[in-house]
Amino acid sequence: MTRSAVEQLVETASLTGREIMERYPDRQFFGFTCSYWPEELVLAAGMEPLRLFPVNTRAMPPELPSFSCSLARGVLAELKGTGLKKLAGLGQAQTCDTMQCLGSIAQGAFPEQVLELVPPVLLAAPGAREYYHEELKALWQKLLGLSGEAAKEENIAAALNIFQRMRQLVRQVDEMRPRLPSPLVASLLRAGQLMPRQEYVTLLEEAVTALAGYEETGTGKIGILLSGPVLEKDSLYLMIEELGGRVLVDDTCTGTRHYAEDPAEEAGAGRAGSVEGLLEQVARRHLTMPLCPCRHRRLEERSEYLQSQARERGVRGAILVVRKYCEPHAFDAVPVAKALQQQGIKALVLELEGADVGGQERTRLQAFLESLG
Amino acid sequence: MTEKRSYRRLESTKELQRVMTRYYGMSNYFRYWGKPLGRKLAWVTSGAPVELLRVFKIHPVYPEQYGAICGSRKVSGELCQVAEAQGYNQDLCSYARAHIGSILRPDLAPMKGLPKPDLLVACTNICGTVLKWYEALARILQVPLIVIDTPYQPGEVTPQAKQYVLRQLEAAVVELERVTGVRFNEKKLDTIAEKSRQVTTLWREIKDLCAAKPSPLNAPDLFIHMAPIVVLRGTDTGVKYYSLLKKEVEQRVQEGVGALEQEKVRLVWDNIAIWPHLFKFFKMFTERGACFVADTYTGGWAMDFSEGNTMETLATTYTEVFLNRSAQYRARQIIDQIRQFDADGFVMHSNRS
């Protein structure tokens with residue numbers, strides 16, 4: 001029996017990097033870990049971007065101290081295994097100190113194949129745009145070197161179109177959040193970080209029209225803002241739903257924030273098909289997208305952004321996930337929780353070892369959601 | 001009871017104590033002398049280009065060093081708990097937590113906390129933590145925050161990184177002019193940067209003297225005597241102090257006097273000091289004749305100020321510090337130290353800071 005587009009996307013979202021590579025053996029995959037990695041450049045260079053998630057969050061590769069986050073430990077364990085040996089390369093966008101070290105360490109597993117990109121931390125600083133443009137230009141040449149492809153205008157234009165369409169579709173899905181089960185939306189979005197992007201867009205086009213069949217109305221769910229780092233599984237979304245909540249704003253690294261693009265910026269996209277246009281587009285998006293805690297534009301910008309998102313979507317509570325040992329998110333949880341509480345939105349800071357939730361989290365979430373009444 | 005130390009005490013330590021006591025006295029009584037003169041006080045990260053601040057007669061105070069003081073005075077635990085009660089996760093850097101705790105509960109803190117700043121200056125070249133730490137400080141204290149983003153350098157320092165940092169330094173000058181009401185004076189910056197160059201060169205030369213056998217200094221000496229290199233770069237006091245220290249260390253080398261009674265093993269230390277147990281910890285080694293003849297941490301301030309336009313020099317110097325470099329670069333640095341100092345081994349301190 002033919003599976004629907006929605007079913008295919010949900011199933012794909014549950015696959016590991018190794019399984020994705022096995023499913024598409026004719027593709028050349030290039031791994032990355034952070035939303036600031038310019039996937040467009042990878043695709044335009046003839047490779048498929050593949051976001052790497054930890055399979056085993058308890059993995060303890062000796063190269064990293066045990067007090068590193070499970071994302072870094074788990075990804076390193078995967079890289080050292082045999083499953084990802086066919087990766088064309090690994091891209092590390094500098095985020096925090098741990099992921100910065102992971103880039104260096106990964107050089108050991110993938111000599112000459114680890115490309116490091118250092119986006120500005122101060123996205124609005126004088127010279128940030130020019131600096132980042134030069135960084136991207138250097139990266140573009142390295143990517144072409146890895147793939148063995150020459151820069152082709154048609155490939156660049158195609159890559160930009162794919163990502164533009166993908167982000168438009170994700171915005172549509174995001175608008176449907178109040179009526180769709182949260183784990184379903186999480187899966188749909190995560191699939192787009194794993195599978196070949198053209199196939200993803202094709203399936204998502206089909207899925208968007210079919211999502212009406214999944215809509216639920218009048219459920220009385222409690223609207224939740226979820227913010228945090230990478231969530232490679234749907235466990236938390238599922239538990240929130242089971243306990244009567246619904247994620248209306250997903251500010252996780254794997255949620256809506258990953259796809260965020262200002263429609264006005266998108267409309268003003270530069271010279272399609274040219275390398276300069278491609279680099280400008282990536283730089284513009286990265287410099288203007290909603291902040292992750294590793295970046296800075298203005299002191300209270302992130303809190304204010306989340307406040308506005310909460311207001312627009314009418315959420316009643318916020319769950320701020322801190323992945324154990326993730327310093328940027330842990331620091332930010334304090335002002336963000338305070339800002340939301342000042343707006344009358346209760347906030348729960350939930351520390352997780354990885355993306356899995358268990359009995360302790362259920363108790364805390366249940367109490368929290370009950371308090372929201 | 002005073003703990004017995006297993007190595008020779010430096011005469012310069014008395015001067016060090018005098019210099020640092022005076023520095024902290026000047027900081028603590030800033031409101032009595034600085035405020036009437038219209039001066040500003042800034043809290044600054046240890047790797048920030050402090051030379052710029054000195055042009056504007058801003059008095060720099062270093063929360064990281066204060067974090068180390070909290071550790072050595074054994075009050076970090078209590079201060080960290082104060083920060084944790086405000087929501088700061090217990091896995092966050094203990095320097096940051098202890099310092100935030102000292103702001104919230106100065107009654108528990110050494111010197112009743114640091115004097116309140118007029119502005120904050122953070123430079124990302126030492127770690128990513130400082131950005132979040134200083135953001136937290138800016139929220140608590142409601143004072144201007146200047147951040148200098150020195151991009152991490154996986155390989156050689158790139159021209160675009162230097163240019164980007166330079167642009168930010170130029171913007172920082174404008175902001176400092178606004179905050180202080182003082183016009184920027186480039187010649188003054190040249191003079192201050194020259195003093196920094198002298199201080200860091202002296203520090204590097206002192207460290208290099210430890211290639212002698214026996215080594216005239218042990219790591220605890222370097223950790224203690226690094227205090228002025230952090231807080232007194234760009235000053236005559238810094239130049240004077242390190243000239244004195246260098247003279248004493250040179251004398252030890254000439255006389256064949258080692259830091260230890262009997263040096264049997266030469267080691268290299270990697271990472272930060274264990275401040276709460278500095279002597280107790282190193283005693284384990286000194287009792288066995290093991291001397292740490294070099295380390296990576298205090299080398300962070302043995303910067304090589306290149307020649308040329310001072311602003312460009314600052315941009316390059318503060319971007320290329322070893323903490324802002326790849327693991328490969330740092331591994332090469334340790335290997336080079338092992339060779340240069342003819343070490344028998346090295347100790348890596350895995351630190352949760």
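We name chains A, B, ... by the order of the sequence lines, and we start the count at 1 in each one.
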(request) Taking the side chain as every heavy atom from C-beta outward, state whether Phe67(A) and Ser350(B) have any atom pair closer than 4.5 Å. (result) yes
(request) Locate the shortest heavy-atom distance separating Ser104(A) from Ala327(B); write the atom from each residue and the value. (result) OG-N, 2.9 Å
(request) Kindly compute the distance separating CD (Gln160(B)) from NZ (Lys137(A)), expressed to the nearest 0.5 Å. (result) 9.5 Å
(request) Mind checking the CG-OH spacing from Leu299(A) to Tyr134(B)? Nearest 0.5 Å is all I need. (result) 14.5 Å
(request) May I ask you to name which of Ala333(A), Ala337(A), Pro120(A), Cys101(A) has the most heavy-atom pairs under 4.5 Å with chain B? (result) Pro120(A)
(request) State, with a plain yes or no, whether a side-chain heavy atom of Glu327(A) is found less than 4.5 Å away from one of Asp91(B). (result) no
(request) Counting only heavy atoms closer than 4.5 Å, note whether Gln100(A) contacts chain B via side chain, backbone, both or neither. (result) both
(message) With chain A as the partner, which of Pro151(B), Ala331(B), Gly87(B) has the greatest number of non-hydrogen pairs under 4.5 Å?
(response) Pro151(B)
(message) Just verifying a value: how many Å separate Gln86(B) CD and Lys338(A) NZ, rounded to the nearest 0.5 Å?
(response) 8.0 Å
(message) So for Glu170(B), is it side chain, backbone, both, or neither that comes closer than 4.5 Å to the heavy atoms of chain A?
(response) neither
(request) Identify which part of Ala128(A) has an atom lying under 4.5 Å from any heavy atom of chain B, answering side chain, backbone, both or neither. (result) both
(request) For residues Pro126(A) and Gln168(B), report the shortest heavy-atom separation together with the two atoms involved. (result) O-CG, 4.0 Å
(request) Indicate the atoms forming the closest heavy-atom contact of Ala125(A) with Tyr164(B), along with that distance. (result) CB-OH, 3.8 Å
(request) List the steps, then state whether side chain to side chain contact (heavy atoms under 4.5 Å, CB included) holds for Arg167(B) with Tyr131(A). (result) CA-CA 10 Å; Arg167(B) 290 279 306 277; Tyr131(A) 159 75; over 6 Å; no
(message) I want to check something: taking the side chain as every heavy atom from C-beta on, are Glu135(B) and His296(A) in contact at a cut-off of under 4.5 Å?
(response) yes
(message) Is it the case that over 12 heavy atoms from other parts of the model lie below 6.0 angstrom from the CD atom of Gln342(A)?
(response) yes
(request) Sort out for me which residue in Thr129(B), Leu131(B), Asn89(B) forms a side-chain contact (heavy atoms from CB on, under 4.5 Å) with Phe331(A). (result) Thr129(B)
(request) Tell me, yes or no, whether the heavy-atom count around Glu78(B) atom CD, taken from other residues, nucleotides or ligands under 6.0 Å, exceeds 12. (result) no
(message) Can you confirm whether more than 12 heavy atoms, excluding those of Arg339(B), are under 6.0 Å from its CZ atom?
(response) no
(request) Could you tell me which portion of Cys294(A) (side chain, backbone, both or neither) has an atom closer than 4.5 angstrom to a non-hydrogen atom of chain B? (result) backbone
(request) Considering only heavy atoms and a distance below 4.5 Å, find which of Thr98(A), Leu122(A), Ile105(A) pairs most often with chain B. (result) Leu122(A)
(request) Name the region of Thr150(B), side chain, backbone, both or neither, that has any atom closer than 4.5 Å to a heavy atom of chain A. (result) neither
(message) At a 4.5 Å cut-off on heavy atoms, which part of Gln92(A) comes close to chain B: side chain, backbone, both, or neither?
(response) neither
(request) Name the region of Pro65(A), side chain, backbone, both or neither, that has any atom closer than 4.5 Å to a heavy atom of chain B. (result) side chain
(request) Measure from the side-chain N and O atoms of Asp149(B) to the backbone N and O of Val121(A), and report whether any donor-acceptor pair falls under 3.5 Å. (result) yes
(message) Could you check whether any side-chain N or O of Lys132(B) sits under 3.5 Å from a backbone N or O of Pro293(A), counting only pairs where one atom can act as donor and the other as acceptor?
(response) yes
(message) Looking at every heavy atom in both Ala330(A) and Leu92(B), which two are closest together, and how far apart are they?
(response) CB-CD2, 3.8 Å
(request) Answer with side chain, backbone, both or neither: which region of Glu134(A) has an atom nearer than 4.5 Å to a non-hydrogen atom of chain B? (result) both
(request) Identify which part of Ala96(B) has an atom lying under 4.5 Å from any heavy atom of chain A, answering side chain, backbone, both or neither. (result) side chain
(request) Could you tell me whether a side-chain N or O of Gln163(B) sits under 3.5 Å from a main-chain N or O of Gly127(A), the two making a donor and an acceptor? (result) no
